[in-house]
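In what follows, chains are A, B, ... by sequence order, proteins preceding strands, each numbered from 1.
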2 protein chains.
Amino acid sequence: MSRPRPSGTTRIQREKRSAIFQAALDIFAENGLRGATLDQIAARAGLSKPNVIYYFEGKEAIYTELLESLLDVWVDPLRQLSADGEPIEEILAYTRRKLAMSRDMPRESRLFATEIIQNAPRVRAVLEGPLKSLVDEKAAVVAGWVREGRIAPVDPYHLFFSLWAMTQHYADFDLQVGTVLGPARDQTRYDDADAYLTSLVERLLRV
Amino acid sequence: MSRPRPSGTTRIQREKRSAIFQAALDIFAENGLRGATLDQIAARAGLSKPNVIYYFEGKEAIYTELLESLLDVWVDPLRQLSADGEPIEEILAYTRRKLAMSRDMPRESRLFATEIIQNAPRVRAVLEGPLKSLVDEKAAVVAGWVREGRIAPVDPYHLFFSLWAMTQHYADFDLQVGTVLGPARDQTRYDDADAYLTSLVERLLRV
DNA sequence: AAAAAACTTGACCGATTGGTCAAAGCGCCC
DNA sequence: GGGCGCTTTGACCAATCGGTCAAGTTTTTT
């Protein structure tokens, strides 16, 4: 409240706020909110600490704004799941979208994972509202497919849980996956995962 | 180095060290190493901060000792996977052991999850050594079952990844699971998960 | 029961933390 | 090019951090 926010949005504001978000994503994903420091974020963004505070109310504000700005992107793959398509193809496409997000946005995945593990005091409302509604809606679609006999009987909610778990695992537990697979399979990791998940979904859902 | 460790192990030492471990498990699982404070741990254990330091070298020592003491328990379910049993029954039993661990040891699950997500600088050696060996050994068993045509062809490593991911998901993402399922299904959550995973494993592996 | 050993803690310390503030720099429009 | 508002920062602050220490209390040993 005490600090007057700049009124109009200038070019510099867009650039610097974006740089801070990028830096904060790195730092928060690796250490969580409490484990991250403003100095780390400022250093990574190439700014001084007071300068960071000039653009955001404080450390927690960076965290919550970052989280909220990512939530939409994060649940978007599920939004695209269409009741009109061929059921198994739809679920396979959803699985691939989620796996691609693990490959291309591992920091975001880790950020959410850390937040949820630590009881998400900051995104609880979003989980309980929009996310739950969306999942309920799409679960109903899957339940419809089951009723029509177009896929094998399956609990839609646990199906989603397992898809989330398996795809996000490759981002969140990247270190473990890399260690167990060894350097030889570093290149093909996500291709192998894609093939495995494709086969799993088909076997699970084919009537 | 400076502080002389007590020589023999007394009753009080066992009790207090155990109390500190329990408290530390709570705190570390929720905040990670950097996010946890000695004051929090001491308060939860019902001790003064200097008293905690009396029993451990420092915060990091509590963390690493805790982690190491849990590692054995954590990978034990996989160790029990026997090449002599009926393949699908063996993998189902393994899945159930892992799911039971999520139900009964959620804090431990979250502690490991946080550690791995944050690049596990402290358990890397264990991952690269003993864990990798164990997984390689058991993956060979599964590969053997595939070769003999006793289960459907799968990549053993990705099979393990998916089982880890799905079972641990119920502990690590408990808040999300609970929110999506709603209070009505709170009681049956783990029974439903068990039924779902049983069906998934059977459909995935049955020839 | 007395001495030794083990245990406990209030007071304290230097380092780091999130955040403030006044003053100096900079860019952009007239 | 001069002025005004946006931007930047060095110096600083109170709070909290991990950890120390000397002095006391309790438990165990003899």
On the nucleotide [N], are OP1 or OP2 found under 4.0 Å from the side-chain N or O atoms that [X] carries?
X	N	value
A:Tyr54	D:dT7	yes
A:Tyr55	D:dT8	yes
A:Lys49	C:dT20	no
B:Gln13	C:dA6	no

From [options], nucleotide with atom closest to [X] side chain:
X	options	value
A:Pro50	C:dG19, D:dT9, C:dT9	D:dT9
A:Ile53	D:dT8, C:dT20, D:dC17	C:dT20
B:Asn51	C:dT9, D:dG19, D:dC17	C:dT9

Any luck finding a side-chain donor-acceptor pair between A:Gln168 and A:Arg110 under 3.5 Å?
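Not at all, the side chains of A:Gln168 and A:Arg110 share no donor-acceptor pair under 3.5 Å.
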
Roughly, in whole Å, what's the span from [atom1] in [X] to [atom2] in [N]?
X	N	atom1	atom2	value
A:Arg34	D:dT16	CZ	P	11 Å
B:Leu38	C:dG14	CG	P	19 Å
A:Leu47	D:dT9	CG	P	7 Å
A:Arg14	D:dC6	CZ	C1'	14 Å
A:Glu60	C:dT17	CD	C1'	14 Å
A:Asn31	C:dT17	CG	P	11 Å
A:Phe56	C:dG18	CZ	C1'	16 Å
B:Tyr63	D:dG18	OH	C1'	17 Å

Is the closest basic N to carboxylate O distance between B:Arg189 and B:Asp192 below 4.0 Å?
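Salt bridge flag = no for B:Asp192 with B:Arg189.
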
On DNA chain D, check which nucleotide each of B:Gly58 and A:Ser48 is closest to and give me the residue with the more 5' one.
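That would be A:Ser48.
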
Tell me which of A:Val52 and B:Leu33 sits closer to the 5' end of DNA chain D, going by the nucleotide each one is nearest to.
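In this pair, the answer is A:Val52.
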
Audit row: A:Arg122, A:Glu68, salt bridge (Lys or Arg N to Asp or Glu O under 4.0 Å) steps and yes/no
CA-CA 9 Å; A:Arg122 272 153 265 273; A:Glu68 278 163 24; over 6 Å; no

Within the 4.0 Å heavy-atom criterion, would you say A:Ala61 contacts the bases, only the backbone, or no part of the nucleic acid?
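Result for A:Ala61 = nothing.
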
In this structure, is the centre-to-centre distance between the rings of B:Phe28 and B:Phe21 below 6.0 Å?
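No - the distance between ring centres of B:Phe21 and B:Phe28 does not fall below the 6.0 Å cut-off.
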
Polar side-chain atom of B:Lys59 near backbone of B:Leu33 as donor-acceptor pair, under 3.5 Å
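Yes; judged by distance alone, with no hydrogens or angles, the pair exists.
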
